[in-house]
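All heavy atoms count here, side chains included; hydrogens, waters and symmetry mates do not. A note on names: the letters A, B, ... follow the listed sequences, proteins ahead of strands, and every chain is numbered from 1. The shown structure was predicted, so the numbers you read here are calculated from the model rather than taken from an experiment.
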Number of protein chains: 2
Amino acid sequence: MILKSQVEWVLHCCAILAGLPDGRYLSTKALAELHGLPKEYLSKALQSLSQAGLVHSTLGPSGGYRLARPPAELTFLDIAEAVEGKARTFVCANIRANNPCRPKGYCDSSPCAVARIMWEADEAWRQKLRSVTLADLGEILSQETPPAIWNDTFEWVLKRAG
Amino acid sequence: MILKSQVEWVLHCCAILAGLPDGRYLSTKALAELHGLPKEYLSKALQSLSQAGLVHSTLGPSGGYRLARPPAELTFLDIAEAVEGKARTFVCANIRANNPCRPKGYCDSSPCAVARIMWEADEAWRQKLRSVTLADLGEILSQETPPAIWNDTFEWVLKRAG
DNA sequence: AAATTTAGGGATATTTTATATCCATAATAT
DNA sequence: ATATTATGGATATAAAATATCCCTAAATTT
(Lines give C-alpha, C1' and ligand atoms only; values in the text may rest on other atoms or scores of the structure.)
Protein backbone atom coordinates (compact mmCIF):
# COMPACT_ATOMS: atom_id res chain seq x y z
CA MET A 1 0.00 0.00 0.00
CA ILE A 2 1.86 3.04 -1.28
CA LEU A 3 0.55 6.55 -1.80
CA LYS A 4 0.61 7.88 -5.35
CA SER A 5 3.75 9.80 -6.17
CA GLN A 6 1.37 12.58 -7.21
CA VAL A 7 0.75 13.24 -3.52
CA GLU A 8 4.39 14.15 -3.04
CA TRP A 9 4.32 16.23 -6.20
CA VAL A 10 1.34 18.38 -5.28
CA LEU A 11 2.57 18.92 -1.72
CA HIS A 12 5.78 20.39 -3.08
CA CYS A 13 3.88 22.38 -5.68
CA CYS A 14 1.56 23.80 -3.04
CA ALA A 15 4.56 24.77 -0.92
CA ILE A 16 5.76 26.85 -3.86
CA LEU A 17 2.32 28.32 -4.56
CA ALA A 18 2.12 29.26 -0.87
CA GLY A 19 5.17 31.47 -1.36
CA LEU A 20 3.74 33.23 -4.40
CA PRO A 21 2.76 36.91 -3.97
CA ASP A 22 -0.97 37.64 -4.03
CA GLY A 23 -2.57 37.52 -7.42
CA ARG A 24 0.31 35.79 -9.20
CA TYR A 25 -0.07 32.43 -10.96
CA LEU A 26 2.45 29.71 -11.69
CA SER A 27 2.08 27.34 -14.63
CA THR A 28 2.27 23.58 -14.75
CA LYS A 29 5.28 23.99 -17.00
CA ALA A 30 7.22 25.96 -14.38
CA LEU A 31 6.21 23.62 -11.56
CA ALA A 32 7.20 20.58 -13.58
CA GLU A 33 10.55 22.09 -14.50
CA LEU A 34 11.25 23.18 -10.93
CA HIS A 35 10.66 19.69 -9.57
CA GLY A 36 11.91 17.64 -12.50
CA LEU A 37 8.52 16.06 -13.14
CA PRO A 38 6.62 14.95 -16.27
CA LYS A 39 4.58 17.99 -17.20
CA GLU A 40 1.54 16.20 -18.64
CA TYR A 41 1.08 13.88 -15.70
CA LEU A 42 1.73 16.57 -13.12
CA SER A 43 -0.99 18.49 -14.92
CA LYS A 44 -3.47 15.75 -14.02
CA ALA A 45 -2.51 16.03 -10.37
CA LEU A 46 -2.92 19.80 -10.40
CA GLN A 47 -6.30 19.37 -12.04
CA SER A 48 -7.27 17.24 -9.06
CA LEU A 49 -6.37 20.14 -6.78
CA SER A 50 -8.42 22.44 -8.95
CA GLN A 51 -11.43 20.14 -8.93
CA ALA A 52 -11.16 19.90 -5.15
CA GLY A 53 -11.26 23.69 -4.96
CA LEU A 54 -7.84 23.97 -3.34
CA VAL A 55 -6.33 26.06 -6.10
CA HIS A 56 -7.62 28.57 -8.58
CA SER A 57 -6.52 28.43 -12.18
CA THR A 58 -6.42 30.86 -15.05
CA LEU A 59 -5.84 30.33 -18.76
CA GLY A 60 -3.58 31.82 -21.36
CA PRO A 61 0.04 32.94 -21.29
CA SER A 62 0.88 34.08 -17.76
CA GLY A 63 -1.81 31.67 -16.61
CA GLY A 64 -1.43 28.81 -14.17
CA TYR A 65 -2.34 28.14 -10.56
CA ARG A 66 -2.53 29.94 -7.26
CA LEU A 67 -3.86 28.76 -3.90
CA ALA A 68 -7.59 29.23 -3.42
CA ARG A 69 -7.16 29.84 0.33
CA PRO A 70 -4.47 31.21 2.67
CA PRO A 71 -1.73 28.64 3.39
CA ALA A 72 -2.85 28.42 7.02
CA GLU A 73 -6.21 27.12 5.82
CA LEU A 74 -4.89 24.36 3.59
CA THR A 75 -3.94 21.15 5.33
CA PHE A 76 -1.86 18.19 4.23
CA LEU A 77 -5.05 16.16 4.40
CA ASP A 78 -6.86 18.48 2.00
CA ILE A 79 -4.05 18.08 -0.49
CA ALA A 80 -3.48 14.35 -0.05
CA GLU A 81 -7.20 13.64 -0.34
CA ALA A 82 -7.57 15.76 -3.46
CA VAL A 83 -5.16 13.43 -5.25
CA GLU A 84 -5.66 10.17 -3.42
CA GLY A 85 -9.38 10.35 -2.79
CA LYS A 86 -11.27 10.39 0.49
CA ALA A 87 -11.89 6.67 0.70
CA ARG A 88 -10.61 4.76 3.70
CA THR A 89 -7.54 2.60 3.17
CA PHE A 90 -9.22 -0.41 4.75
CA VAL A 91 -12.12 -1.77 2.75
CA CYS A 92 -14.36 -4.11 4.69
CA ALA A 93 -15.70 -6.97 2.59
CA ASN A 94 -17.70 -8.14 5.62
CA ILE A 95 -16.40 -11.66 5.31
CA ARG A 96 -17.93 -12.56 8.67
CA ALA A 97 -21.19 -12.78 6.73
CA ASN A 98 -19.80 -15.83 4.91
CA ASN A 99 -19.68 -17.82 8.14
CA PRO A 100 -21.68 -20.99 7.44
CA CYS A 101 -22.87 -21.05 11.06
CA ARG A 102 -24.88 -17.89 10.57
CA PRO A 103 -28.64 -18.07 10.28
CA LYS A 104 -29.52 -17.32 6.66
CA GLY A 105 -30.46 -13.68 6.18
CA TYR A 106 -29.01 -12.63 9.52
CA CYS A 107 -28.25 -8.92 9.51
CA ASP A 108 -25.45 -7.30 11.54
CA SER A 109 -26.41 -4.41 13.75
CA SER A 110 -23.00 -2.72 13.58
CA PRO A 111 -19.96 -2.67 11.31
CA CYS A 112 -17.43 -5.44 11.82
CA ALA A 113 -15.10 -4.88 14.79
CA VAL A 114 -12.06 -5.53 12.63
CA ALA A 115 -13.11 -2.78 10.24
CA ARG A 116 -13.88 -0.36 13.07
CA ILE A 117 -10.39 -0.73 14.48
CA MET A 118 -8.73 -0.40 11.09
CA TRP A 119 -10.82 2.69 10.42
CA GLU A 120 -9.70 4.22 13.71
CA ALA A 121 -6.12 3.83 12.52
CA ASP A 122 -7.10 5.48 9.26
CA GLU A 123 -8.60 8.31 11.22
CA ALA A 124 -5.41 8.71 13.27
CA TRP A 125 -3.52 9.11 9.99
CA ARG A 126 -6.02 11.67 8.78
CA GLN A 127 -6.01 13.55 12.06
CA LYS A 128 -2.25 13.99 11.88
CA LEU A 129 -2.40 15.28 8.31
CA ARG A 130 -5.28 17.55 9.23
CA SER A 131 -3.13 19.14 11.90
CA VAL A 132 -0.41 20.35 9.54
CA THR A 133 -1.01 23.28 7.20
CA LEU A 134 0.88 24.71 4.26
CA ALA A 135 1.77 27.62 6.54
CA ASP A 136 3.47 25.18 8.91
CA LEU A 137 5.33 23.59 6.03
CA GLY A 138 6.40 26.98 4.70
CA GLU A 139 7.84 27.90 8.07
CA ILE A 140 9.82 24.69 8.34
CA LEU A 141 11.12 24.95 4.79
CA SER A 142 12.12 28.58 5.10
CA GLN A 143 14.06 27.73 8.24
CA GLU A 144 15.90 24.67 7.05
CA THR A 145 16.46 25.43 3.40
CA PRO A 146 19.80 27.21 2.88
CA PRO A 147 18.95 30.89 2.26
CA ALA A 148 20.86 30.96 -1.02
CA ILE A 149 18.78 28.14 -2.49
CA TRP A 150 15.57 29.51 -0.98
CA ASN A 151 16.10 32.97 -2.48
CA ASP A 152 17.28 31.71 -5.85
CA THR A 153 14.26 29.45 -6.05
CA PHE A 154 11.76 32.24 -5.50
CA GLU A 155 13.62 34.50 -7.88
CA TRP A 156 13.40 31.67 -10.42
CA VAL A 157 9.71 31.24 -9.68
CA LEU A 158 8.83 34.93 -9.83
CA LYS A 159 10.55 35.26 -13.20
CA ARG A 160 8.05 32.68 -14.48
CA ALA A 161 4.94 33.62 -12.49
CA GLY A 162 2.14 35.33 -14.39
CA MET B 1 -4.19 3.58 -1.70
CA ILE B 2 -6.06 0.55 -0.43
CA LEU B 3 -4.80 -2.17 1.88
CA LYS B 4 -4.68 -5.68 0.47
CA SER B 5 -7.82 -7.66 1.15
CA GLN B 6 -5.47 -10.24 2.64
CA VAL B 7 -5.09 -7.96 5.66
CA GLU B 8 -8.77 -8.32 6.43
CA TRP B 9 -8.55 -12.06 5.83
CA VAL B 10 -5.69 -12.74 8.22
CA LEU B 11 -7.14 -10.53 10.93
CA HIS B 12 -10.30 -12.62 10.92
CA CYS B 13 -8.29 -15.82 10.73
CA CYS B 14 -6.17 -14.77 13.70
CA ALA B 15 -9.30 -13.95 15.66
CA ILE B 16 -10.37 -17.55 15.15
CA LEU B 17 -6.95 -18.97 15.97
CA ALA B 18 -6.98 -16.89 19.15
CA GLY B 19 -10.03 -18.82 20.27
CA LEU B 20 -8.47 -22.22 19.61
CA PRO B 21 -7.62 -24.37 22.64
CA ASP B 22 -3.90 -24.80 23.36
CA GLY B 23 -2.11 -27.17 21.08
CA ARG B 24 -4.83 -27.38 18.43
CA TYR B 25 -4.27 -26.41 14.80
CA LEU B 26 -6.67 -25.16 12.16
CA SER B 27 -6.06 -25.71 8.45
CA THR B 28 -6.17 -23.25 5.57
CA LYS B 29 -9.05 -25.27 4.19
CA ALA B 30 -11.17 -24.74 7.30
CA LEU B 31 -10.28 -21.04 7.55
CA ALA B 32 -11.09 -20.50 3.88
CA GLU B 33 -14.40 -22.29 4.18
CA LEU B 34 -15.35 -20.43 7.36
CA HIS B 35 -14.76 -17.04 5.74
CA GLY B 36 -15.77 -17.86 2.18
CA LEU B 37 -12.32 -17.14 0.78
CA PRO B 38 -10.23 -18.63 -2.04
CA LYS B 39 -8.19 -21.33 -0.31
CA GLU B 40 -5.06 -21.08 -2.45
CA TYR B 41 -4.72 -17.36 -2.13
CA LEU B 42 -5.57 -17.30 1.56
CA SER B 43 -2.80 -19.85 1.90
CA LYS B 44 -0.31 -17.27 0.63
CA ALA B 45 -1.49 -14.81 3.25
CA LEU B 46 -1.17 -17.37 6.03
CA GLN B 47 2.31 -18.20 4.81
CA SER B 48 3.16 -14.54 5.30
CA LEU B 49 2.05 -14.83 8.92
CA SER B 50 4.17 -17.94 9.27
CA GLN B 51 7.23 -16.28 7.77
CA ALA B 52 6.76 -13.34 10.12
CA GLY B 53 6.74 -15.77 13.04
CA LEU B 54 3.23 -14.86 14.16
CA VAL B 55 1.84 -18.34 13.75
CA HIS B 56 3.22 -21.83 13.99
CA SER B 57 2.36 -24.42 11.38
CA THR B 58 2.36 -28.19 11.24
CA LEU B 59 2.00 -30.56 8.32
CA GLY B 60 -0.13 -33.55 7.54
CA PRO B 61 -3.79 -34.34 8.19
CA SER B 62 -4.85 -32.55 11.36
CA GLY B 63 -2.16 -30.00 10.53
CA GLY B 64 -2.65 -26.26 10.05
CA TYR B 65 -1.91 -23.15 12.03
CA ARG B 66 -1.96 -21.92 15.61
CA LEU B 67 -0.81 -18.62 17.07
CA ALA B 68 2.86 -18.48 17.96
CA ARG B 69 2.19 -16.15 20.91
CA PRO B 70 -0.65 -15.41 23.34
CA PRO B 71 -3.37 -13.21 21.78
CA ALA B 72 -2.45 -10.36 24.13
CA GLU B 73 1.00 -10.27 22.56
CA LEU B 74 -0.13 -10.09 18.95
CA THR B 75 -1.12 -6.66 17.71
CA PHE B 76 -3.06 -5.53 14.66
CA LEU B 77 0.17 -3.95 13.47
CA ASP B 78 2.08 -7.24 13.66
CA ILE B 79 -0.57 -8.88 11.53
CA ALA B 80 -1.07 -6.05 9.05
CA GLU B 81 2.66 -5.69 8.52
CA ALA B 82 3.15 -9.41 8.00
CA VAL B 83 0.93 -9.21 4.95
CA GLU B 84 1.39 -5.64 3.81
CA GLY B 85 5.07 -5.21 4.56
CA LYS B 86 6.76 -2.79 6.91
CA ALA B 87 7.45 -0.09 4.33
CA ARG B 88 6.03 3.37 4.88
CA THR B 89 3.06 4.37 2.75
CA PHE B 90 4.74 7.61 1.70
CA VAL B 91 7.79 7.11 -0.48
CA CYS B 92 9.98 10.18 -0.77
CA ALA B 93 11.52 10.59 -4.22
CA ASN B 94 13.35 13.67 -2.92
CA ILE B 95 12.19 15.79 -5.81
CA ARG B 96 13.55 18.90 -4.11
CA ALA B 97 16.91 17.68 -5.39
CA ASN B 98 15.72 18.38 -8.95
CA ASN B 99 15.46 22.10 -8.23
CA PRO B 100 17.58 23.77 -10.94
CA CYS B 101 18.57 26.49 -8.45
CA ARG B 102 20.52 24.04 -6.35
CA PRO B 103 24.29 24.05 -6.43
CA LYS B 104 25.36 20.90 -8.27
CA GLY B 105 26.23 18.11 -5.85
CA TYR B 106 24.54 19.81 -2.91
CA CYS B 107 23.69 17.29 -0.24
CA ASP B 108 20.74 17.62 2.15
CA SER B 109 21.48 17.34 5.84
CA SER B 110 18.05 15.99 6.75
CA PRO B 111 15.15 14.21 5.07
CA CYS B 112 12.66 16.39 3.24
CA ALA B 113 10.15 18.16 5.52
CA VAL B 114 7.26 16.93 3.40
CA ALA B 115 8.37 13.33 3.89
CA ARG B 116 8.91 13.79 7.61
CA ILE B 117 5.36 15.01 8.08
CA MET B 118 3.88 12.25 5.95
CA TRP B 119 5.91 9.72 7.90
CA GLU B 120 4.57 11.09 11.18
CA ALA B 121 1.08 10.38 9.88
CA ASP B 122 2.20 6.89 8.96
CA GLU B 123 3.51 6.47 12.45
CA ALA B 124 0.20 7.62 13.95
CA TRP B 125 -1.50 4.89 11.93
CA ARG B 126 1.01 2.32 13.15
CA GLN B 127 0.75 3.49 16.74
CA LYS B 128 -3.00 2.95 16.72
CA LEU B 129 -2.67 -0.53 15.30
CA ARG B 130 0.10 -1.31 17.75
CA SER B 131 -2.26 -0.48 20.60
CA VAL B 132 -4.86 -3.11 19.75
CA THR B 133 -4.19 -6.81 20.36
CA LEU B 134 -5.93 -9.98 19.33
CA ALA B 135 -7.03 -10.29 22.96
CA ASP B 136 -8.81 -6.95 22.66
CA LEU B 137 -10.46 -8.05 19.44
CA GLY B 138 -11.52 -11.33 20.98
CA GLU B 139 -13.18 -9.53 23.84
CA ILE B 140 -15.10 -7.22 21.53
CA LEU B 141 -16.20 -10.04 19.27
CA SER B 142 -17.29 -12.30 22.10
CA GLN B 143 -19.41 -9.46 23.47
CA GLU B 144 -21.10 -8.31 20.30
CA THR B 145 -21.46 -11.55 18.37
CA PRO B 146 -24.78 -13.23 19.14
CA PRO B 147 -23.98 -16.15 21.49
CA ALA B 148 -25.68 -18.67 19.21
CA ILE B 149 -23.46 -17.77 16.27
CA TRP B 150 -20.40 -17.51 18.49
CA ASN B 151 -20.91 -20.96 19.99
CA ASP B 152 -21.86 -22.62 16.73
CA THR B 153 -18.78 -21.17 15.11
CA PHE B 154 -16.39 -22.57 17.68
CA GLU B 155 -18.16 -25.89 17.63
CA TRP B 156 -17.72 -25.86 13.84
CA VAL B 157 -14.07 -24.91 14.23
CA LEU B 158 -13.27 -27.49 16.90
CA LYS B 159 -14.79 -30.23 14.78
CA ARG B 160 -12.16 -29.38 12.14
CA ALA B 161 -9.19 -28.46 14.35
CA GLY B 162 -6.34 -30.94 14.49
C1' DA C 1 3.73 -49.77 4.33
C1' DA C 2 0.42 -47.07 1.76
C1' DA C 3 -2.71 -43.50 1.12
C1' DT C 4 -4.20 -39.06 2.51
C1' DT C 5 -3.75 -34.45 4.03
C1' DT C 6 -1.24 -30.68 4.93
C1' DA C 7 2.10 -26.29 4.47
C1' DG C 8 5.36 -24.27 1.44
C1' DG C 9 7.28 -22.72 -2.74
C1' DG C 10 7.45 -21.68 -7.66
C1' DA C 11 5.35 -20.59 -11.97
C1' DT C 12 1.88 -18.40 -14.38
C1' DA C 13 -2.47 -15.83 -15.51
C1' DT C 14 -5.88 -12.15 -14.94
C1' DT C 15 -7.52 -7.85 -13.30
C1' DT C 16 -6.90 -3.46 -11.44
C1' DT C 17 -4.26 0.59 -10.40
C1' DA C 18 -0.55 3.78 -11.21
C1' DT C 19 2.03 6.20 -14.40
C1' DA C 20 2.20 8.30 -17.97
C1' DT C 21 1.52 10.51 -23.18
C1' DC C 22 -1.09 12.69 -26.78
C1' DC C 23 -4.58 15.45 -28.77
C1' DA C 24 -8.53 18.70 -29.25
C1' DT C 25 -10.76 22.65 -27.19
C1' DA C 26 -11.63 27.04 -25.17
C1' DA C 27 -9.90 30.89 -22.82
C1' DT C 28 -6.44 34.48 -22.32
C1' DA C 29 -2.53 37.42 -23.14
C1' DT C 30 0.62 39.84 -26.30
C1' DA D 1 -3.34 36.72 -35.43
C1' DT D 2 -0.33 34.10 -32.64
C1' DA D 3 1.28 31.91 -28.71
C1' DT D 4 0.32 29.97 -24.26
C1' DT D 5 -2.39 28.05 -20.98
C1' DA D 6 -5.78 24.72 -18.27
C1' DT D 7 -9.04 21.07 -19.08
C1' DG D 8 -10.89 16.79 -20.55
C1' DG D 9 -10.82 12.61 -23.21
C1' DA D 10 -8.51 8.80 -25.27
C1' DT D 11 -4.98 5.69 -25.21
C1' DA D 12 -0.62 3.21 -23.84
C1' DT D 13 2.65 1.06 -20.60
C1' DA D 14 4.26 -0.66 -16.17
C1' DA D 15 3.45 -2.31 -11.74
C1' DA D 16 0.72 -4.36 -8.14
C1' DA D 17 -3.12 -7.08 -6.48
C1' DT D 18 -5.60 -11.16 -6.92
C1' DA D 19 -5.69 -15.18 -7.86
C1' DT D 20 -4.83 -20.47 -9.75
C1' DC D 21 -2.06 -24.52 -10.50
C1' DC D 22 1.39 -27.85 -9.64
C1' DC D 23 5.13 -30.00 -7.22
C1' DT D 24 7.53 -31.33 -2.93
C1' DA D 25 8.31 -32.81 1.72
C1' DA D 26 6.43 -33.76 6.03
C1' DA D 27 3.06 -35.64 9.08
C1' DT D 28 -1.06 -38.42 10.04
C1' DT D 29 -4.31 -41.88 9.46
C1' DT D 30 -5.52 -46.33 7.85
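In the set D/dA6, D/dA19, C/dA18, D/dA19 carries the atom at the smallest distance from any side-chain atom of B/Pro38. The side chain of A/Tyr65 approaches D/dA6 more closely than any other nucleotide in the set C/dA7, D/dA6, C/dG8. Closest contact between the side chain of A/Tyr41 and the listed nucleotides C/dT6, C/dT21, D/dT7 involves C/dT21. Taking every side-chain heavy atom of A/Lys44 into account, D/dG8 is the closest of C/dT19, C/dT6, D/dG8. Distances were taken from every side-chain heavy atom of B/Pro61 (C-beta onward) to each of C/dT4, D/dT7, C/dG8; the shortest belongs to C/dT4. Among D/dT18, D/dG8, C/dA20, the nucleotide with an atom closest to any side-chain atom of B/Ser5 is D/dT18.
Atoms CD1 (A/Ile95) and P (D/dT18) sit 13 Å apart, rounded to a whole Å. The nearest whole Å value for the distance from the CD1 atom in B/Ile2 to the C1' atom in D/dA16 is 13 Å. Atom NZ in B/Lys39 sits roughly 12 Å away from atom P in C/dG8 (whole-Å rounding). To the nearest angstrom, C1' of D/dT7 lies 14 Å from NE2 of A/His56. In this structure, B/Leu37 atom CG and D/dA17 atom P are separated by 18 Å, rounded to whole Å. The nearest whole Å value for the distance from the CG atom in A/Leu59 to the C1' atom in C/dA27 is 4 Å. Distance, B/Leu42 CG to D/dC21 P: 16 Å, rounded to whole Å. At whole-Å resolution of the value, CD in A/Glu40 and P in C/dT21 are 8 Å apart.
The aromatic rings of B/Phe90 and B/Trp119 sit perpendicular, their planes meeting at an angle over 60°, well past the 30° parallel limit. A perpendicular orientation is assigned to the rings of A/Trp9 and A/Tyr41, their planes being inclined by more than 60° (bins at 30° and 60°).
Using a 4.0 Å heavy-atom cutoff across all strands shown, B/Ser43 reaches no nucleic acid atom at all. Residue B/Tyr25 is classed as having no contact, given no heavy-atom separation below 4.0 Å to the nucleic acid. Among the heavy atoms of the strands, none lies under 4.0 Å from A/Gly162.
In this structure, A/Glu123 does not pair ionically with B/Lys128, as no charged nitrogen and carboxylate oxygen lie closer than 4.0 Å.
Looking only at side-chain heavy atoms (C-beta outward), B/Val10 and B/Ser48 stay at 4.5 Å or farther from each other.
Distances shown here put every side-chain N or O of A/Gln6 at or beyond 4.0 Å from the OP1 or OP2 atom of C/dA18. In this structure, A/Ser50 reaches the D/dT7 phosphate: one of its side-chain N or O atoms is under 4.0 Å from OP1 or OP2. The shortest distance between the side-chain N/O atoms of A/Gln51 and the OP1/OP2 oxygens of D/dG8 is below 4.0 Å. At the phosphate of D/dT5, neither OP1 nor OP2 sits under 4.0 Å from any side-chain N or O atom of A/Ser57.
If B/Gly63 and A/Glu84 are placed on DNA chain C by their nearest nucleotide, the residue sitting closer to the 5' end is B/Gly63.
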Inset, instruction - Kindly determine whether B/Arg96 and B/Asn98 satisfy side chain to side chain donor-acceptor pair (under 3.5 Å), including the steps that lead there. - result: CA-CA 5 Å; B/Arg96 62 177 170 175; B/Asn98 300 330; over 6 Å; no
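For A/Ser131 and A/Gln127, the side-chain atoms include no donor-acceptor pair closer than 3.5 Å.
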